[in-house]
Every structure is written in structure tokens, then in C-alpha cells.
Amino acid sequence: EEEQHLIESFPGIRFICTTEIAGQLLDGTSKSLSIENARSSDVEALIANSARLYYLESIDLGQLFLSNEQFSALRKAYAEAEILCRLSFYGVEVSSDTNTLVLDGIQISDTGELDLAVEFLPELETVYMSDCGLSNEELDALNKKYGDVRIVWTVYVKWFDCRTDAIDF
């Protein structure tokens, strides 16, 4: 109680406080946290204690699945930290450190979740989107929009089809 009051009263000062998260004692200088069997309550505790754990650079929540809202709140609390967990986009579950997202065959009418995927997955390089219900023009616009993330889809011309990442055809 007293520590929290000091932290709130003097936001420009970093107090070194000991905090317990998932049974682990962390002080304000801790740089990494790994919770093998993390639970949602651990995420809530991390968010609530972000003012005490400002040096965290790495948060490993193992196989814990987070909703986009939970992940967004955790990222807001630890903007500079690498966060490892499980996320879902259009029903496809991936690790937050994945470099590939496969959305082939999933009907997509709103690209909002794709925007989140590009934002939330720092290692993302390629998104496969063949037969997802978007036109070639829409997919090309997404490819240009995301810059460093390549959108790959299949172009169909009469009896011939070609993926946009094909080298030889």
C-alpha cells in the first residue's frame, strides 16, 4: 500500500520494489520473466505492476493464449518488452514470435485482424492469403500497405494459377 502510494505520487521516480508474479519474486531491476504455466491472472498482475517492473525486456508466458485485448493491454504496459505467448487471428492460433501467418482459404471481409497481426507480431515476414475472398487489387494494396510484411496469394487466369511468390513458372 505504502509503496504503491509512493509510486503514484512520484511518477518521475523509479522505485526499486519487490513484486510477486506467478510465485516469482521480482525486483524493479529484473530484465526478464518466464512463466512456464502462465494464467490470465498472471497477465493481470503483470499489467497492474508495470510501474514496478519497468526494466522488463522479455516476458515469456509460454503457451498461454491471450486475446487481442489482453495482448494489447500487456504491450501498452510493457511497450519495450518482447512478449512471448499465443495469439489468434481469424481463428488461426500462432506464437507471438512467428514469422509466417497462413490464412489460405479463410474468408476475410474485414482486414482489421490483419492490421493487428502486423502490429502484434514483430517477426512477421509473410502472410499467405490465397482464396481468402479478397480481390487481387485488395491483396496488392495490402502488400503495399504493410511494406516489410509480404502478402502472398494465388492469381487465377483461365486454366492457369500462379502464387505471387513464385520464382519460376
N/O donor-acceptor pairs under 3.5 Å from side chains in residues 57-64, not counting sequence neighbours:
unit_1 : atom_1 : unit_2 : atom_2 : d
D60    : OD1    : G62    : N      : 2.8

Side chains of residues 115-126: which donor-acceptor pairs under 3.5 Å do they make with residues two or more places apart or in other chains?
unit_1 : atom_1 : unit_2 : atom_2 : d
D115   : OD1    : K145   : NZ     : 2.9
D115   : OD1    : Y146   : OH     : 2.4

Derivation of the side chain to side chain donor-acceptor pair (under 3.5 Å) call for D110 and Y90: CA-CA 10 Å; D110 178 6; Y90 300 104; 5.7 Å; no
Audit row: L25, T19, side-chain contact (heavy atoms from CB on, under 4.5 Å) steps and yes/no: CA-CA 6 Å; L25 288 177; T19 305; over 6 Å; no
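For the pair S67 (side chain) and Q70 (backbone), a donor-acceptor distance under 3.5 Å is present. Side-chain N or O atoms of D42 include one that pairs as donor or acceptor with a backbone N or O of R39 at under 3.5 Å. One N or O on the side chain of E138 and one on the backbone of S135 form a donor-acceptor pair closer than 3.5 Å. At least one donor-acceptor pair closer than 3.5 Å links the side chain of Q24 to the backbone N or O of S34. Looking at T98, its side chain does come within 3.5 Å of a backbone N or O of T100 through a donor-acceptor pair.
Looking at residues two or more places apart in sequence or on another chain, you find a side-chain contact (heavy atoms from CB on, under 4.5 Å) between D104 and V102, Y128, S130. E69 pairs by the salt bridge (charged side-chain N to carboxylate O under 4.0 Å, His left out) definition with nothing, not counting sequence neighbours. Residues meeting the salt bridge (charged side-chain N to carboxylate O under 4.0 Å, His left out) test with K144, sequence neighbours left out: D140. Applying the side-chain contact (heavy atoms from CB on, under 4.5 Å) test to N143 and every residue at least two apart in sequence or in another chain returns R150, I151, W153.
Here the closest non-hydrogen pair linking I108 and L134 is O-CD2, 3.4 Å. When every heavy atom of T164 is checked against every heavy atom of V152, the shortest pair comes out as OG1-CA, 3.3 Å. Taking each heavy atom of N68 and S88 in turn, the nearest pair found is OD1-O, 3.7 Å. Of all non-hydrogen atoms in L87 and F65, the two that sit nearest each other are C-CE1, 3.7 Å.
Annotation: the span from M129 atom CE to L142 atom CG amounts to 6.0 Å, rounded to 0.5 Å. Taken to the nearest 0.5 Å, the OG atom of S32 stands 8.5 Å off from the CG atom of L26. The structure places CD1 of I83 at 12.5 Å from CG of D97, a figure rounded to the nearest 0.5 Å. In this structure, CG on L56 lies 5.5 Å from OH on Y78, to the nearest 0.5 angstrom.
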